[in-house]
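Remember, it's 1-based here, ligands and their atoms both numbered in the order they're listed.
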Amino acid sequence: MPTRFFNTYSRELEDFRPLDPAGKRVKLYTCGPTVYNFAHIGNFRAYVFEDLLQRHLEARGYEVERVMNLTDVDDKTIRGCRQLGVRLAEFTQKFKDAFFEDLGALRVKRAQHFPAATDYVAQMIEMIRVLEQKGIAYQAEDKSLYFRLSKFPEYGKLAHLNLDELRPSGRISSDEYEKESVGDFALWKAWNENDGDVKWDSPWGPGRPGWHIECSAMATALLGPELDIHCGGVDNIFPHHEAEIAQSECVTGKKFARYWMHNAHLMVDGQKMAKSAGNFYTLRDLLAKGWTGREVRYALITVNYRLPLNFTFDGLAGARSALGRIDEWVARLADHTASAILPDDLPAQFAKGVEAFFTDLDDDLNISGAMGRLFDLIRDSNRALDSGEINAAVAAAILDGWNRINSVLGFQRDAVTPSPDVLALVEERQIARANKQWPESDRLRDAIAALGWVVKDTKDGPKLLPKAHCGP
Ligand code: AMP
Ligand code: ZN
């Protein structure tokens, strides 16, 4: 089965074929954060889904060139810096840094390009100039420039809106608006005193770009006029992505993006997690409560991206115990083999399981199916280990299969080594055990646990496991 994705534009599952005649390179644009605050884990659901998409395409042999923009000038960032009385660049830098730290904690692969909108204002002005020459952009009495919607009859097609049925609302200057108020949207916003010192010179006087033109300019500047895939959360479909299509296609005359993929929301008690609703957690909030980035990644990535996902702490606990199962299995296989051993061919029963993981993902990133395949593989190979059917070379081959799967999931436990203090306590405990001093041995086990490690006594001697990885 070829890889196929649900395209928001056609509302159909479509076989994936990149524009590249060699069928290898994929141009992927993903709308990034507005850096006016710490991103919440709802935002990160979008970035983790896009990471799964990129990693799966790479596992299938594609070379993905990805752009994720940083919106560092818009209505919200300007409001934020004005409230604090600091310069825009100083205000946004803190949130840019935090964003990259969070991406690292969530193991999201770095895009090749993270353009910041403020570095592309010249390209935005150029696009607006072309639109003006074509009679599509016009300057209104408020000195701002707007996109003349009547010039682009396709507006609304991505969101499947029938514009004729909606009441036009004239012009809209704010970056975000509802479907009910379809109107000419702002391309360039003339400076006013609420903007403070945030302004750029332009052929139309001082001002700043609208949010939508930012993405059109950065996408086409870095990836060219045609993208393979464009992603974002469903809330971006209207008006943001509609506007991106309208602006880009009117300037370039080419189809802007072939596949539009949108993730459903992360919800809390039936409501979208959002800054404005006040029902959000940042990654930092969760790390401070003792959860790890790996656990949050697991909870966000393992629900199919087009299904709403309800955020709960039970869900995080489930992620912790599932990762514990995976860790134990990987550790067991590693114990059963040695680095010098050449892997055997993977026996058919396990090879099928590994392949099924990837074919499930070919089906519009069906991650819940794929995770089912992984846990079947874990169960079957654990049973085979129990009954002594697996030799060291087969264990090595299963680990190779896991490494392929993990290149997409990014779940592998970080290698952690116990400190000399922990090792000394383990040695003391061995002596206590040899002398049958059981209470002392238990005391030492607790002391080791207090340092974050669990001792397991096996026939080959004591084994140490990091406590965070032993399940709840
Ligand atoms: P923003 O910074 O608001 O532009 O959002 C950045 C990305 O996060 C966009 O792709 C949004 O669609 C997405 N997003 C925002 N809230 C949620 C949510 N609760 N669940 C999933 N994605 C979201
Ligand atoms: Zn965008």
Side chains of Asn279 and Asp269, donor plus acceptor under 3.5 Å:
no

Member of Asp72, Asp75, Asp74 meeting the salt bridge (charged side-chain N to carboxylate O under 4.0 Å, His left out) criterion with Arg208
Asp75

With a 4.0 Å heavy-atom cut-off (strictly under), which part of Met267 contacts ligand 1: side chain, backbone, both or neither?
neither

Candidate with minimal heavy-atom separation from atom 18 (C) of ligand 1, of Gln271, His265, Lys275, Lys76:
His265

Within less than 4.0 angstrom of ligand 1, does Ala264 place any heavy atom?
yes

Please round to the nearest 0.5 Å and tell me the distance separating atom OH of Tyr281 and atom NE2 of His40.
13.5 Å

Mutual orientation of the aromatic rings belonging to Phe95 and Phe38 [parallel < 30°, tilted 30-60°, perpendicular > 60°]:
perpendicular

Residue, atom name and distance, where the atom is the protein heavy atom closest to atom 23 (C) of ligand 1:
Gly42 O, 3.3 Å

Short list, please: which atoms of ligand 1 are under 4.0 Å from a heavy atom of Asn263?
21 (C), 22 (N)

Please confirm whether the ring centroid of His241 lies under 6.0 Å from the ring centroid of His262.
yes

Counting N and O atoms only, with roles assigned by atom type, does the side chain of Asn310 sit under 3.5 Å from a partner on the main chain of Leu266, one being a donor and the other an acceptor?
no

Give me the residue, atom name and distance of the protein heavy atom closest to atom 12 (O) of ligand 1.
Asp235 OD1, 2.3 Å

List the closest protein heavy-atom neighbour of atom 3 (O) of ligand 1: residue, atom name, distance to the nearest 0.1 Å.
Asn43 ND2, 4.2 Å

Any atoms of ligand 1 less than 4.0 Å from a non-hydrogen atom of Met273? List them with their elements.
16 (N), 18 (C), 19 (N)

Checking Trp402 against Gln412: is there a side-chain donor and acceptor pair closer than 3.5 Å?
yes

From the list Gln54, Arg55, His56, side-chain hydrogen bond (donor to acceptor under 3.5 Å, both in side chains) partner of Glu58 resolves to Gln54

What does the angle at the Zn ion (ligand 2) come to, between atom SG of Cys31 and atom SG of Cys215, rounded to 10°?
130°

Atom 20 (N) of ligand 1: which protein heavy atom is closest, and how many Å away?
Leu266 N, 2.7 Å

Would you mind running through ligand 1 and noting each atom that sits below 4.0 Å from a heavy atom of Gly232?
10 (O)

The Zn ion (ligand 2) -> Glu244, closest N, O or S atom is OE2

Taking both backbone and side-chain atoms into account, decide whether His241 has an N/O/S atom under 2.8 Å from the Zn ion (ligand 2).
no

Hey, what's the ring geometry for Phe152 with Phe147, parallel, tilted or perpendicular (30° and 60° as the breaks)?
perpendicular

Identify, by atom number and element, the atoms of ligand 1 in contact range of Tyr47, meaning under 4.0 Å from any of its heavy atoms.
6 (C), 7 (C)

Any N/O/S atom, backbone or side chain, of His240 lying under 2.8 Å from the Zn ion (ligand 2)?
yes

Ranked by distance from atom 4 (O) of ligand 1, the top protein heavy atom is Thr34 OG1, 3.6 Å

Looking only at protein heavy atoms, identify the closest one to atom 9 (C) of ligand 1 and say how far it is in Å.
Asn236 OD1, 3.3 Å

My understanding is that only one of Asp363, Asp364, Asp362 makes a salt bridge (charged side-chain N to carboxylate O under 4.0 Å, His left out) with Arg4; could you say which?
Asp363

For residues His240 and Asp175, is any side-chain donor paired with an opposing acceptor at under 3.5 Å?
no

Please confirm whether Gly233 comes within less than 3.5 Å of ligand 1 when only nitrogen or oxygen atoms on both sides are compared.
yes

Hey, does His240 sit under 4.0 Å from ligand 1 if you only count heavy atoms?
no

Using a 4.0 Å heavy-atom cut-off, say whether Ala39 meets ligand 1 through its side chain, its backbone, both or neither.
neither

Return yes if some donor-acceptor pair links the side-chain N/O of His160 with the main-chain N/O of Tyr9 below 3.5 Å, else return no.
yes

